[in-house]
Colleague: 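Take a look at the following structure, please.
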Amino acid sequence: MQQVIELEGVVKRYDSTGAPVLGPLTLTLAQGEALAVTGPSGSGKSTLLNLVAGLDKPTDGTVIVAGRRIDRLSEHALAKFRREHIGIAFQFFNLLDDLTVADNIQLPARLTGTGRREAAARAGELMEMLGIQKHARVHPGRLSGGERQRVAVARALVNRPALLLADEPTGALDTASGHDVRDLLTDLHRAGQTIVLVTHDLPLAEACASRTVRLVDGHVVLDSYARTAR
Ligand SMILES: Nc1ncnc2c1ncn2[C@@H]1O[C@H](COP(=O)(O)OP(=O)(O)O)[C@@H](O)[C@H]1O
Ligand SMILES: [Mg+2]
């Protein structure tokens, strides 16, 4: 099976003294897996996600994502790699409030050179799929948290990324909106999307993920597969 993530001996230190905040870590994720990364606050979950996203570089080790070694790339090459191969949804959505919902979703497509019409068509398809088409011309500031997270996920998917990353996507949401996002991620996984979800929300992990990795002090203490195949 094709691997979407291959981490080999990955270590991250933020300073040269003391223990690393992550690793050494060796981990692979196959296409179609939905991995939940859980663990206490400060255990290295976001650090792991940022390394996989190419938002940060390891102190040591190899990071291969979508078949490409990314730990040695320049910032410019990383930015291009991220736009083309990775979609990220953050806890606080990181949407642009001066743009409409439709324009927020289209933006990463436009940045990779997709034409206006094609980007609009893809955004329309995603808004329909995620049930937010009625908000196309609205600015995200007017939407509820759950709706904003749907917009953020749509934006993350616009370039058909090999990998969808989500860092605490329900962390800023009320329970009902959290359930919406849970259902959305579950549907995406069923449709074959490879996902890494960082969360301390265990019911979310259980509902969406085919595999759970638990980090403690930067080490994997548990790596388990869901019993039921999805
Ligand atoms: N940019 C940074 N500079 C210094 N230390 C950091 C930085 N980012 C995270 N850390 C530290 O690394 C450890 C892991 O952090 P993080 O990956 O954010 O954990 P989690 O997402 O599991 O809460 C924590 O001790 C945190 O304080
Ligand atoms: Mg975190």
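Atoms within a ligand are numbered from 1 in the order they appear, just like the ligands themselves. Computed from a prediction, not measured in an experiment: that's the story for all the values here.
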Colleague: Taking non-hydrogen atoms only, is V21 closer than 4.0 angstrom to ligand 1 via side chain, backbone, both or neither?
Modeller: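 Near ligand 1, V21 shows its side chain, while the N, CA, C and O stay back.
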Colleague: Write out the residue and atom name of the closest protein heavy atom to atom 9 (C) of ligand 1, then the distance separating them to 0.1 Å.
Modeller: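 For atom 9 (C) of ligand 1, the nearest protein heavy atom comes out as Y14 CE1, 3.4 Å.
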Colleague: Working to the nearest 0.5 angstrom, can you tell me the gap between R82 CZ and E84 CD?
Modeller: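 One finds 12.0 Å between CZ of R82 and CD of E84.
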Colleague: What protein heavy atom is closest to atom 17 (O) of ligand 1, reported as residue, atom name and distance in Å?
Modeller: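 Answer, as residue, atom name and distance: T47 OG1, 2.6 Å.
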Colleague: Scan the protein's non-hydrogen atoms and note whether one is under 4.0 Å from atom 27 (O) of ligand 1.
Modeller: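 Given the 4.0 Å limit, the answer for atom 27 (O) of ligand 1 is no, no protein heavy atom qualifies.
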Colleague: Which of the atoms in ligand 1, numbered in the order shown and given with their element, are less than 4.0 Å from a heavy-atom of S41?
Modeller: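 Numbered from 1, ligand 1 contributes 23 (O).
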Colleague: Report, as yes or no, whether the 6.0 Å neighbourhood of atom CZ on R142 holds more than 12 heavy atoms from other residues, nucleotides or ligands.
Modeller: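 Check fails, neighbour count at 12 or below.
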Colleague: For a 4.5 angstrom cut-off between non-hydrogen side-chain atoms, does D167 reach Q91?
Modeller: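 They are not in side-chain contact.
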Colleague: For atom 13 (C) of ligand 1, which of the options G42, G218, S43 provides the nearest non-hydrogen atom?
Modeller: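 Among G42, G218, S43, the closest heavy atom to atom 13 (C) of ligand 1 comes from G42.
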Colleague: Could you pull out every donor-acceptor pair under 3.5 Å between side chains of residues 150-163 and any protein atom, sequence neighbours left out?
Modeller:
from : atom 1 : to   : atom 2 : distance (Å)
R150 : NH1    : L130 : O      : 2.6
R150 : NH2    : D180 : O      : 3.3
R155 : NH1    : N94  : O      : 2.9
R155 : NH2    : F93  : O      : 3.0
R155 : NH2    : N94  : O      : 3.2
N159 : ND2    : R83  : O      : 3.0
N159 : ND2    : P108 : O      : 3.1

Colleague: Roughly how far, to the nearest 0.5 Å, is OG1 of T47 from CG of L22?
Modeller: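 One gets 6.5 Å once the value is rounded to the nearest 0.5 Å.
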Colleague: Do any protein N, O or S atoms sit under 2.8 Å from the Mg ion (ligand 2), and which ones are they?
Modeller: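 Under 2.8 Å from the Mg ion (ligand 2) - ignoring waters, which are not counted - the protein N, O or S atoms are S46 OG.
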Colleague: Looking at CG of L173 and CD of Q149, how far apart are the two atoms once the value is rounded to the nearest 0.5 Å?
Modeller: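 Separation between the atoms: 6.0 Å.
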Colleague: Looking only at protein heavy atoms, identify the closest one to atom 18 (O) of ligand 1 and say how far it is in Å.
Modeller: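 Nearest protein contact, heavy atoms only, for atom 18 (O) of ligand 1 is S46 CB, 3.7 Å.
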Colleague: Show me the pairs that pass side chain to side chain donor-acceptor pair (under 3.5 Å) and involve residues 16-31, at least two apart or across chains.
Modeller: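 Passing the test, one end in residues 16-31: D15-T17.
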Colleague: Which other residues belong to the hydrophobic cluster containing L202, where Ile, Leu, Val, Met, Phe, Trp and Tyr are joined when side-chain heavy atoms lie under 4.5 Å apart, directly or via other members?
Modeller: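 So far as hydrophobic clustering goes, L202 is joined with none.
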Colleague: Does D217, at its CG atom, have more than 12 non-hydrogen atoms belonging to other residues, nucleotides or ligands within less than 6.0 Å?
Modeller: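 It does not: D217 CG has 12 such atoms or fewer within range.
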Colleague: Which of these, G39, P40, P20, G44, has its nearest heavy atom closest to atom 19 (O) of ligand 1?
Modeller: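 Result: the heavy atom closest to atom 19 (O) of ligand 1 is in G44.
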Colleague: Scan L164, L204, L35 and name whichever one has a side-chain contact (heavy atoms from CB on, under 4.5 Å) with L197.
Modeller: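 Answer after filtering L164, L204, L35: L204.
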